[in-house]
Peer 1: 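One structure follows; several queries about it will come next.
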Number of protein chains: 2
Amino acid sequence: MFIKNLPHKTVERLSQYRRALLMILSKEKTHVFSHEIAQMLHITPVQVRRDLMLIGYSGNLRKGYDIKELIDLIGKIIDSERGQRVAVVGLGNLGKAFISYFKGKRSKLSMIAAFDINPEKINRVFDGVPCYHINQLPEIIKQNNISIGIITVPSEQAPEIAESLVLSGIKGILNYTPKPLNVPAYVYLEEYDMITSLEKVAFFAKKNDERFK
Amino acid sequence: MFIKNLPHKTVERLSQYRRALLMILSKEKTHVFSHEIAQMLHITPVQVRRDLMLIGYSGNLRKGYDIKELIDLIGKIIDSERGQRVAVVGLGNLGKAFISYFKGKRSKLSMIAAFDINPEKINRVFDGVPCYHINQLPEIIKQNNISIGIITVPSEQAPEIAESLVLSGIKGILNYTPKPLNVPAYVYLEEYDMITSLEKVAFFAKKNDERFK
DNA sequence: TTAGCATTGTTAATAAATAAACAGTAACTG
DNA sequence: CAGTTACTGTTTATTTATTAACAATGCTAA
């Protein structure tokens with residue numbers, strides 16, 4: 001399904017709508033209003049309606065949105081029909097956390113492999129995901145047609161891992177390292193830095209504190 | 001130091017500028033140009049200059065910015081003079097990852113405590129951080145004047161943890177649970193959801209792939 | 001059967017974030 | 001010592017994201 005130029009934030013919210021809807025899906029409740037979705041995610045109903053407008057979904061004027069239909073439509077838009085395979089590079093605490101969070105969640109995304117350099121982890125299975133040595137990365141990525149890589153290695157190693165992923169044909173990278181990466185335009189890169197997040201919270205907590213005291 | 005209404009994104013970048021600058025700080029190199037900072041973080045030089053303008057810092061026309069001065073100024077703005085204390089609630093893989101990442105990084109933020117319900121973890125020290133039972137949370141938070149909480153528990157438990165943190169006088173919360181939380185306006189809340197991030201990467205990776213093929 | 005109400009879908013307004021444009025100026029160069 | 005260069009600092013424009021406004025519609029209930 002093609003919808004041109006869906007805004008980044010809308011894509012994020014669609015993912016959240018779907019998860020929220022999956023949670024309330026039941027026989028008794030088949031429909032949901034925009035203000036109900038909004039309340040679950042602490043956003044405004046207008047935002048919800050606007051997002052749904054962008055993906056061309058229409059609800060019933062008096063009953064709201066058909067939950068099942070909406071879940072399916074979001075799937076048609078954000079999922080890849082053939083599914084996408086994911087690998088985690090770096091099986092430390094963060095890599096493990098990701099795999100555990102992920103487990104049994106999304107049917108169209110499958111966690112296929114983890115990579116590390118620690119011999120104790122290699123050739124073992126963590127939470128259903130086999131771990132290989134990093135120098136097998138190109139081989140495994142290509143063989144299994146893995147298109148998404150999550151980087152959770154120590155930051156010094158991030159650039160070379162990214163390069164290796166790109167050369168192996170990866171299409172998207174999620175970088176949890178504080179080291180900003182350089183990738184070609186045909187690879188989508190998303191970066192998230194925990195320390196920056198914490199410093200941001202610290203800043204606004206301090207500011208709030210001054211304002212409300 | 002008061003700068004009114006610093007934009008959220010600017011605060012995030014200031015944190016990143018500081019870390020990047022700390023890395024290149026040395027005797028030989030005392031100054032840095034906006035385009036050098038920009039290159040390190042893969043943003044535009046204009047963005048850098050604009051952010052520095054917002055915090056009222058002036059560089060030298062021909063030499064650029066004094067690295068040491070700039071680091072100090074950013075500290076004066078985003079750090080709290082008296083320091084801020086942080087606790088992690090949920091010492092699973094993600095909680096541990098956070099503590100390890102954090103270790104020995106920021107002097108003005110100190111990781112004081114972790115909380116869990118697993119008896120094997122309680123009353124032990126992980127990476128220098130002692131772990132307590134969750135029902136000691138209010139007590140420990142108040143006693144140690146902890147103002148920032150990081151939630152990494154399973155999502156069902158997130159709302160009660162958040163409530164407990166708020167009642168204990170916390171000022172800022174970083175929620176890594178997919179469950180959106182409700183907190184009063186005087187508590188700053190930042191939420192990050194790994195699965196949404198991954199689905200976003202998957203979506204744009206797919207889209208890029210169609211576009212560039 | 002008609003007035004009122006609750007809800008959607010869309011357009012218009014506002015706010016936030018980024019990028020472009022450009023004036024100003026100290027150092028360098030011939 | 002005049003012209004050029006390589007920067008900064010600030011204003012203006014553009015893009016992106018959110019919010020507000022409101023018309024349209026069909027259900028409900030008198």
Side-chain angles (χ1 to χ4, degrees), chain A residues 3-17 21 29-67 69-70 73-74 180 185 188-191 196 200 203-204 207, chain B residues 3-17 21 29-67 69-70 73-74 180 185 188-191 196 200 203-204 207:
Chain A
I3 308 269
K4 69 165 189 182
N5 289 342
L6 229 34
H8 282 218
K9 297 281 182 169
T10 294
V11 173
E12 290 176 15
R13 282 189 297 263
L14 288 174
S15 158
Q16 293 172 331
Y17 296 161
L21 292 174
K29 193 167 173 57
T30 59
H31 288 71
V32 65
F33 296 122
S34 62
H35 65 260
E36 292 177 303
I37 299 179
Q39 198 166 39
M40 291 189 284
L41 304 189
H42 302 132
I43 58 176
T44 66
V46 190
Q47 185 80 84
V48 174
R49 294 206 298 277
R50 194 167 216 301
D51 287 334
L52 299 189
M53 185 191 91
L54 291 176
I55 63 171
Y57 184 63
S58 288
N60 282 45
L61 198 39
R62 200 72 178 193
K63 292 196 290 181
Y65 304 95
D66 183 306
I67 299 179
E69 260 179 41
L70 184 47
L73 177 61
I74 293 176
Y188 179 82
L189 172 66
E190 174 94 5
E191 312 205 287
T196 287
K200 185 183 175 192
F203 174 80
F204 285 107
K207 204 178 147 221
Chain B
I3 308 270
K4 69 165 189 182
N5 288 342
L6 229 34
H8 282 218
K9 296 282 182 168
T10 294
V11 173
E12 290 177 16
R13 281 190 299 263
L14 288 174
S15 158
Q16 292 173 331
Y17 295 162
L21 292 174
K29 193 165 172 60
T30 60
H31 289 71
V32 66
F33 296 122
S34 62
H35 66 260
E36 291 176 304
I37 298 179
Q39 196 166 40
M40 291 190 283
L41 305 189
H42 301 135
I43 58 177
T44 66
V46 189
Q47 185 79 82
V48 174
R49 295 206 299 277
R50 193 168 218 301
D51 287 334
L52 299 190
M53 185 189 91
L54 291 176
I55 63 171
Y57 185 64
S58 289
N60 282 45
L61 198 39
R62 200 70 178 195
K63 292 196 289 181
Y65 304 95
D66 183 308
I67 299 178
E69 260 179 42
L70 184 47
L73 178 61
I74 293 176
Y188 179 82
L189 172 65
E190 174 93 5
E191 311 205 286
T196 288
K200 185 183 176 192
F203 174 80
F204 285 107
K207 203 178 148 222

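Residue numbers begin at 1 in each chain, while the letters A, B, ... track the order of the sequences. Keep in mind that what you see is a predicted model, and the values were worked out from it rather than measured.
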Peer 1: Please give me every residue in residues 33-42 of chain B whose heavy atoms get under 4.0 Å of an atom in DNA chain C, ordered by residue number.
Peer 2: none
Peer 1: Please state how far atom NZ in B:Lys9 lies from atom P in C:dA19, giving the value in whole angstrom units.
Peer 2: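 My rounded result for the distance is 11 Å.
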Peer 1: Could you give the distance from CG (B:Leu52) to OH (B:Tyr17), rounded to the nearest 0.5 Å?
Peer 2: 6.5 Å
Peer 1: Rounded at 0.5 Å granularity, tell me how far CD in A:Glu191 sits from OG1 in A:Thr196.
Peer 2: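 Rounded to the nearest 0.5 Å, the CD-OG1 separation comes out at 10.5 Å.
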Peer 1: Quick one: side chains of residues 38-48 of chain B, donor-acceptor pairs under 3.5 Å with protein atoms, not counting sequence neighbours, listed by atom name and distance.
Peer 2:
| from | atom 1 | to | atom 2 | distance (Å) |
| --- | --- | --- | --- | --- |
| B:His42 | ND1 | A:Leu181 | O | 3.1 |
| B:His42 | NE2 | A:Asn182 | ND2 | 3.3 |
| B:Thr44 | OG1 | B:Gln47 | N | 3.2 |

Peer 1: Atom CG of B:Leu54 and atom P of C:dA19: how far apart are they, to the nearest Å?
Peer 2: 15 Å
Peer 1: Which letters describe nucleotides 22-30 of chain C, given B = protein heavy atom under 4.0 Å from base, S = only from sugar-phosphate, - = neither?
Peer 2: --BBBS---
Peer 1: Once rounded to the nearest 0.5 Å, what's the spacing between atom NZ of A:Lys200 and atom CG of B:Leu6?
Peer 2: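 Between atom NZ of A:Lys200 and atom CG of B:Leu6 there are 11.5 Å.
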Peer 1: Would you say D:dA20 has OP1 or OP2 under 4.0 Å from some side-chain N or O of A:Thr44?
Peer 2: no
Peer 1: Could you check how far CD of B:Glu69 sits from P of D:dT8, rounded to whole Å?
Peer 2: 14 Å
Peer 1: Grab the two heavy atoms, one from B:Arg13 and one from B:Asp51, that are nearest each other, plus how far apart they are.
Peer 2: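 Shortest heavy-atom contact: NE-OD2, 2.6 Å.
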Peer 1: Measure across B:Lys29 and B:Glu36 and return the closest heavy-atom pair with its distance rounded to 0.1 Å.
Peer 2: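 In terms of heavy atoms, the two residues are closest at NZ-OE2, 3.2 Å.
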Peer 1: With a 4.0 Å cutoff (strictly under), does any side-chain N or O of B:Thr10 reach OP1 or OP2 of C:dA17?
Peer 2: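 For B:Thr10, the contact criterion (side-chain N or O under 4.0 Å from OP1 or OP2 of C:dA17) is not met.
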Peer 1: Nearest-Å distance, CD (A:Gln47) to C1' (C:dT8)?
Peer 2: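 In whole Å, C:dT8 C1' lies 16 Å from A:Gln47 CD.
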Peer 1: So, is A:Arg50 near the phosphate of D:dA21, with a side-chain N or O under 4.0 Å from OP1 or OP2?
Peer 2: no
Peer 1: With no hydrogens and no angle check, is any side-chain donor or acceptor of A:Glu69 less than 3.5 Å from a backbone partner on A:Asp66?
Peer 2: no
Peer 1: Counting only side-chain heavy atoms from C-beta out, which of C:dT18, D:dT18, C:dT10 sits nearest to A:Met53?
Peer 2: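 Looking only at heavy atoms from C-beta outward on A:Met53, the closest nucleotide is C:dT10.
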Peer 1: Just how far, in rounded Å, is C1' of D:dC27 from CG of A:Asn60?
Peer 2: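 Distance check: A:Asn60 CG to D:dC27 C1' gives 12 Å.
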Peer 1: What distance separates B:Tyr65 OH from B:Leu70 CG, expressed to the nearest 0.5 Å?
Peer 2: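 B:Tyr65 atom OH to B:Leu70 atom CG measures 8.5 Å (nearest 0.5 Å).
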Peer 1: Over how many whole Å does the gap from A:Tyr65 atom OH to C:dA6 atom P extend?
Peer 2: 17 Å
Peer 1: Quick one: B:His8 NE2 to D:dA17 P, roughly how many Å, whole number?
Peer 2: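 Spelled out: NE2 on B:His8 to P on D:dA17 is 16 Å.
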Peer 1: Between CG of B:Asn5 and OG1 of B:Thr10, what distance do you get to the nearest 0.5 Å?
Peer 2: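 If I round to the nearest 0.5 Å, the distance is 11.5 Å.
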Peer 1: Measure from CG on B:Asp51 to C1' on D:dT10 and round the result to the nearest Å.
Peer 2: 14 Å
